[in-house]
Amino acid sequence: MQELARRLRTAHSVFVLTGAGMSAESGLPTFRGVDGYWQKHRVEELASPQGFARDPKTVWRWYNERIHAYKRAEPNAGHRALTELEEPVPEMTIATQNVDSLHARAGSKNILELHGHLREARCTGCAATVPLDNGLDENQIEHECGGRFRPQVVWFGEALPRHVWRKAEDAAARADVILVIGTSAQVYPAAALALQNDRAYIAEINPDATGLSAHCHCVIREPAAVALPALVKTLQSQYR
Ligand code: BV8
């Protein structure tokens with residue numbers, strides 16, 4: 001923790017990659033936490049164009065449940081600590097795999113939503129969009145143009161938004177310090193972002209080992225909402 005804080009204190013650019021574990025202490029289940037299933041459906045199937053084409057109503061029932069859960073959830077001490085870490089660092093980029101908007105609700109500024117968000121839906125026919133404050137009713141799925149409204153997320157087999165991906169790659173390549181928080185690093189190409197630059201000091205915050213642990217200079221086996229506030233305190237103590 002001391003070494004990581006020292007590196008952050010001298011860093012010009014910091015890149016943060018987050019996953020579902022970042023929001024676990026906000027009461028949201030991780031993907032692996034639900035063992036990869038939602039009501040006997042494999043999440044990789046629900047979160048795919050094929051799954052949506054086959055059964056759009058079930059897919060929307062899943063997303064509506066998540067939208068309501070995200071609305072009830074609050075950013076946790078980990079999300080808030082990241083906004084504090086932004087202050088002393090000239091440049092910090094948070095690239096998140098989460099679609100729960102909790103980094104933004106915590107007040108973080110420079111966020112890249114690698115896998116999209118659940119604030120609005122888009123028509124597959126005419127690209128019209130509708131807000132998703134309270135999810136989408138079943139009778140709103142079919143659009144008058146013949147298309148279907150789908151959530152603005154990246155499904156398995158779909159490319160990440162090009163401009164978001166480009167910005168993430170550039171920020172990861174510029175970083176002096178890379179923080180990998182709450183991700184099992186099993187989904188690509190997001191996981192590869194942490195391995196973009198061999199100059200950076202890479203630190204993992206995760207109670208469990210992941211596919212990236214072996215590439216890290218420092219691993220902190222603690223929950224995000226415990227480790228990140230402690231890191232901010234350590235950093236502040238080093239400034240005194
Ligand atoms: C694409 C949005 C091509 C939707 C999501 C290379 C190798 C192998 C496979 C592939 C490859 N390249 C591509 C693939 C295929 C695929 C893939 O990666 N499959 C995996 C399953 C093997 N990738 C894709 O399909 C990608 N697209 O490749 O397109 C292409 C290119 C050009 C043109 C056309 C096509 C798109 C992938 C994005 C899919 N969308 N989400 C939605 O959310 O509904 S992925 C979704 O699952 C999340 O966004 C996230 O990315 C992933 C879940 O992972 P994590 O967030 O890490 O969560 P997980 O539960 O796994 O782990 C939680 C961790 O937290 C654990 O480690 C746990 O220990 C830790 N933890 C728990 N509590 C805490 C904690 N940590 C800290 N504090 C705590 N309290």
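These values consider heavy atoms only, across backbone and side chains, with no hydrogens, waters or symmetry-generated copies. Residue numbers start at 1 and run along the sequence shown. Only a predicted model underlies this, so the values are computations on that prediction, with no experimental measurement involved. Indexing begins at 1, ligand by ligand and atom by atom, following the structure's order.
Closest heavy-atom approach to atom 21 (C) of ligand 1 within the set E204, E25, E44, M22: this belongs to E44. When E222, E158, R221 are ranked by how near their heavy atoms come to atom 3 (C) of ligand 1, first place goes to E158. When F156, Y188, W165, Y63 are checked for heavy-atom proximity to atom 13 (C) of ligand 1, Y188 turns out nearest. Of the options G116, A24, A159, A209, the smallest heavy-atom separation from atom 32 (C) of ligand 1 is shown by A159. Heavy-atom proximity to atom 76 (N) of ligand 1, evaluated over G182, A190, A185, is greatest for G182.
Relative ring orientation between H79 and H103 is described as perpendicular, the plane-to-plane angle rising above 60° on a 0-90° scale split at 30° and 60°.
Judged by distance alone, with hydrogens and angles left aside, the side-chain atoms of E25 form a donor-acceptor pair with the main-chain N or O of A225 at under 3.5 Å. A donor-acceptor pair is defined here as one N or O able to donate and one able to accept, closer than 3.5 Å; no such pair exists between the side chain of W165 and the backbone of A159. The closest donor-acceptor contact from the side chain of R80 to the backbone of P75 lies under 3.5 Å. Remark: the backbone N or O of D100 is not paired with any side-chain donor or acceptor of N98 at under 3.5 angstrom. R221 contributes a side-chain N or O that, together with a main-chain N or O of D208, makes up a donor-acceptor pair within less than 3.5 Å.
Ligand 1 places these atoms under 4.0 Å from at least one heavy atom of A20: 55 (P), 56 (O), 58 (O). Of all atoms in ligand 1, listed by their number and element, those nearer than 4.0 Å to a heavy atom of D208 are 69 (O). In the vicinity of Q97, heavy-atom distances shorter than 4.0 Å reach the ligand 1 atoms 48 (C), 49 (O), 50 (C), 51 (O). In the vicinity of G19, heavy-atom distances shorter than 4.0 Å reach the ligand 1 atoms 56 (O). Proximity to Q186 (heavy-atom distance under 4.0 Å) selects the following atoms of ligand 1: 18 (O), 20 (C), 22 (C). Against a heavy-atom cut-off of under 4.0 Å, P223 is close to the following atoms of ligand 1: 78 (N), 79 (C), 80 (N).
The shortest N or O to N or O distance between H115 and ligand 1 is below 3.5 Å. At least one N or O atom of G157, backbone or side chain, sits closer than 3.5 Å to an N or O atom of ligand 1. The distance criterion of under 3.5 Å between nitrogen or oxygen atoms is met by A224 with respect to ligand 1. Inclusion of W155 in the set of residues having an N or O under 3.5 Å from an N or O of ligand 1 is not warranted. Residue N206 places at least one N or O, backbone or side chain, under 3.5 Å from an N or O of ligand 1.
Counted by atom type alone, S48 and R42 present zero donor-acceptor pairs between their side chains at under 3.5 Å.
Tested against D176 for a salt bridge (charged side-chain N to carboxylate O under 4.0 Å, His left out), the candidates R7, R199, R9, R6 yield a single pass: R199.
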Show me, pair by pair, the donor-acceptor contacts under 3.5 angstrom made by side chains of residues 123-137, not counting sequence neighbours?
{"unit_1": "T124", "atom_1": "OG1", "unit_2": "R148", "atom_2": "N", "d": "2.9"}
{"unit_1": "T124", "atom_1": "OG1", "unit_2": "R148", "atom_2": "O", "d": "3.2"}
{"unit_1": "N134", "atom_1": "OD1", "unit_2": "K71", "atom_2": "NZ", "d": "2.7"}

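A heavy-atom separation below 4.0 Å is found between R66 and ligand 1.
Legend: residues meeting salt bridge (charged side-chain N to carboxylate O under 4.0 Å, His left out) with E120, ordered by chain and number and at least two apart, are absent.
R61 has no carboxylate O lying under 4.0 Å from a charged side-chain N of E65, or vice versa, which leaves the two without a salt bridge.
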